[in-house]
Amino acid sequence: GESVGLHLPTLSVQEGDNSIINCAYSNSASDYFIWYKQESGKGPQFIIDIRSNMDKRQGQRVTVLLNKTVKHLSLQIAATQPGDSAVYFCAEWGPDYKLSFGAGTTVTVRA
Amino acid sequence: DTGVSQNPRHKITKRGQNVTFRCDPISEHNRLYWYRQTLGQGPEFLTYFQNEAQLEKSRLLSDRFSAERPKGSFSTLEIQRTEQGDSAMYLCASGGTGRFHGYTFGSGTRLTVV
């Protein structure tokens, strides 16, 4: 079946460095994607979204890149901070107003 | 409005017992979703409502699961005859009719079946 997934389950990054989290999707009809951050004991929290008519979108310290040719998404976090330690999910928005999530990447920030 | 509220936050129950969870969405949101999340996995869709109408149910939602949203406001998710495999985080989310920002999640109810 078609699904959204992430390349690596874990990522360890030095505080102050940039982080890159990757996600591959298989449904070529997907036209809207969202990155969520989930901290321990909390629900997923919206970070940034991107529509399929865009290649890049920037927020505060975060950038999402979309490569429709290879069906790949990435989330870049600039100057990673300890508060960025969490699980990050990409989610695909279907035509029926339903989000499908990948398995997630756990980011650990080293001091 | 402080967001999506879920109660209880934690529930420990014995196998075979029934449990019920409650979700209070953001008041102006007409769509309400239930997801289940097991350790190390992303949330999996269970069901969703538009106002009081239940529009879709996942095949994950066995006959032991039932969800209601009687007045188009809060929702309940009941699991009958709980099994150890039901142990998970149950997440509720709400959203408007537009796609912007997807939807807002609550903090979830952690169910442990012993």
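Order of the sequence lines sets the chain letters (A, B, ...), proteins ahead of strands, with each chain counted from 1.
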Okay, Gln38(A) and chain B: the region with an atom under 4.5 Å from a heavy atom over there is side chain
Distance, nearest 0.5 Å, that separates CG of Leu91(B) from NZ of Lys42(A): 14.0 Å
ILVMFWY network linking Leu111(B) to Phe45(B), side-chain heavy atoms under 4.5 angstrom: no
Ile26(B), Trp34(B): one ILVMFWY side-chain cluster at the under-4.5 Å cut-off? no
When hydrophobic residues are tied together by side-chain contacts of less than 4.5 Å, even through go-betweens, does Ile48(A) share a cluster with Leu73(A)? yes
Test your reading of the model: is there a side-chain donor-acceptor pair from Tyr33(B) to the backbone of Leu99(A), 3.5 Å cut-off? no
In the structure I gave you, are the side-chain heavy atoms of Pro43(B) and Phe89(A) within less than 4.5 Å of one another anywhere? yes
Measure the acute angle between the ring planes of Tyr36(A) and Phe105(B), then classify it against the limits of 30° and 60° as parallel, tilted or perpendicular. perpendicular
Arg110(A) atom CZ, over 12 foreign heavy atoms within 6.0 Å: yes
Portion of Glu44(B) that has a non-hydrogen atom of chain A nearer than 4.5 angstrom: neither
Is there a path of hydrophobic side-chain contacts, each under 4.5 Å between heavy atoms, that joins Trp93(A) and Leu32(B)? no
Is chain A contacted by the side chain of Arg31(B), its backbone, both, or neither, given a heavy-atom distance below 4.5 Å? side chain
What do you reckon, is NZ of Lys11(B) surrounded by more than 12 foreign heavy atoms closer than 6.0 Å? no
With the 4.5 Å side-chain cut-off for hydrophobic clustering, are Leu46(B) and Phe49(B) part of the same group? yes
Report, by ascending residue number, the residues of residues 55-72 of chain B in heavy-atom contact with chain A at a distance under 4.5 Å; give 'none' if the set is empty. Glu56(B)
